[in-house]
Amino acid sequence: MTTTHSLTYTVTFGDCDPAGIVYYPNIYGWFDRTFHDWLAGFGGHQAICAALGAIGLGLMQADAKFRRPMQPNDTVTITMSVRDWGRKALVLGYEVTMGETLMATGEEVRGMFKRGAQGLSAGEMAELKALLER
């Protein structure tokens with residue numbers, strides 16, 4: 001299983017706030033997009049959830065540090081890496097770079113949510129890991 005994945009993205013005017021720098025929620029969106037692009041290599045979010053009886057691989061926590069401002073026409077690379085397969089959570093790390101310059105970093109904690117008698121709860125991540133390792 002590939003434990004890193006990267007996307008290249010060119011910042012648009014629409015990604016920016018009135019000051020002309022990337023509006024911070026968009027960086028979280030880039031993290032999410034990179035995660036889902038990684039899953040596409042394994043059949044995609046919907047197919048993975050169907051195979052595991054889950055309703056989603058959702059966020060439990062998200063954090064980012066914005067190190068340098070990004071502006072329209074900047075081309076950045078968003079790199080995701082699997083940091084930890086916990087019992088009920090997957091920890092992902094992110095780096096946004098422009099060339100050799102680190103622009104932002106982040107971390108997500110994701111769970112595999114399933115319906116049960118008590119409502120939604122985080123399922124065992126070993127099931128997801130095993131599926132992705134096939």
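Scanning both residues, Glu107 and Arg83, for their nearest heavy atoms gives OE1-NH1, 2.7 Å. Smallest separation of non-hydrogen atoms from Pro72 and Cys16: CD-SG, 3.5 Å. The nearest pair of heavy atoms linking Leu132 to Trp85 is CD1-CH2, 3.9 Å. Closest non-hydrogen pair, Ile27 versus Ala104, comes out as CG2-CB, 4.4 Å. The shortest non-hydrogen separation linking Thr77 to Ser6 is CG2-CB, 4.0 Å.
Without hydrogens or angle criteria, Asn26 side chain to Asp15 main chain gives a donor-acceptor distance under 3.5 Å.
By the 4.5 Å heavy-atom criterion applied to side chains, Leu59 and Tyr28 are not counted as neighbours. Contact annotation: the side chain of Ile21 never approaches that of Phe66 to less than 4.5 Å [non-hydrogen atoms, C-beta and beyond].
Under the 4.5 Å side-chain heavy-atom criterion for grouping Ile, Leu, Val, Met, Phe, Trp and Tyr, Met125 is not connected to Met60 through any hydrophobic cluster. Both Leu131 and Leu92 are part of a single hydrophobic cluster, where members link through side-chain heavy atoms under 4.5 Å apart. No continuous path of ILVMFWY side-chain contacts below 4.5 Å connects Leu102 to Met70, so the two sit in separate hydrophobic clusters. Leu7 and Val82 are assigned to two separate hydrophobic clusters, defined by single-linkage of ILVMFWY side chains at heavy-atom distances under 4.5 Å. No chain of hydrophobic side-chain contacts below 4.5 Å, direct or via other Ile, Leu, Val, Met, Phe, Trp or Tyr residues, connects Leu39 to Ile55.
A ring pair (Phe, Tyr, Trp, His ring centres under 6.0 Å) check over residues 39-62, counting only residues at least two apart or in different chains, returns the pairs His36-His45, Trp38-Phe42.
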N/O donor-acceptor pairs under 3.5 Å from side chains in residues 109-117, not counting sequence neighbours:
{"residue": "Arg110", "atom": "NE", "partner": "Glu108", "partner atom": "OE1", "Å": "2.9"}
{"residue": "Arg110", "atom": "NH1", "partner": "Leu57", "partner atom": "O", "Å": "2.8"}
{"residue": "Arg110", "atom": "NH2", "partner": "Asp32", "partner atom": "OD1", "Å": "2.6"}
{"residue": "Arg110", "atom": "NH2", "partner": "Glu108", "partner atom": "OE1", "Å": "3.4"}
{"residue": "Arg110", "atom": "NH2", "partner": "Glu108", "partner atom": "OE2", "Å": "3.4"}
{"residue": "Lys114", "atom": "NZ", "partner": "Leu52", "partner atom": "O", "Å": "3.0"}
{"residue": "Lys114", "atom": "NZ", "partner": "Glu127", "partner atom": "OE1", "Å": "2.9"}
{"residue": "Lys114", "atom": "NZ", "partner": "Glu127", "partner atom": "OE2", "Å": "3.2"}

Audit row: Thr10, Thr75, side chain to side chain donor-acceptor pair (under 3.5 Å) steps and yes/no: CA-CA 4 Å; Thr10 300; Thr75 299; 3.3 Å; yes

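The neighbour count for Gln46 CD, taken as heavy atoms of other residues, nucleotides or ligands under 6.0 Å away, does not exceed 12.
Phe13 belongs to no hydrophobic cluster with other residues, because no ILVMFWY side-chain heavy atom falls under 4.5 Å from its own, directly or through intermediates.
Evaluated for a ring pair (Phe, Tyr, Trp, His ring centres under 6.0 Å) with Phe31, the options Tyr24, Tyr9, Tyr94 yield exactly one hit, Tyr94.
Using a 3.5 Å distance cut-off with no hydrogens or angles, the side chains of Thr34 and Asp37 do not pair a donor with an acceptor.
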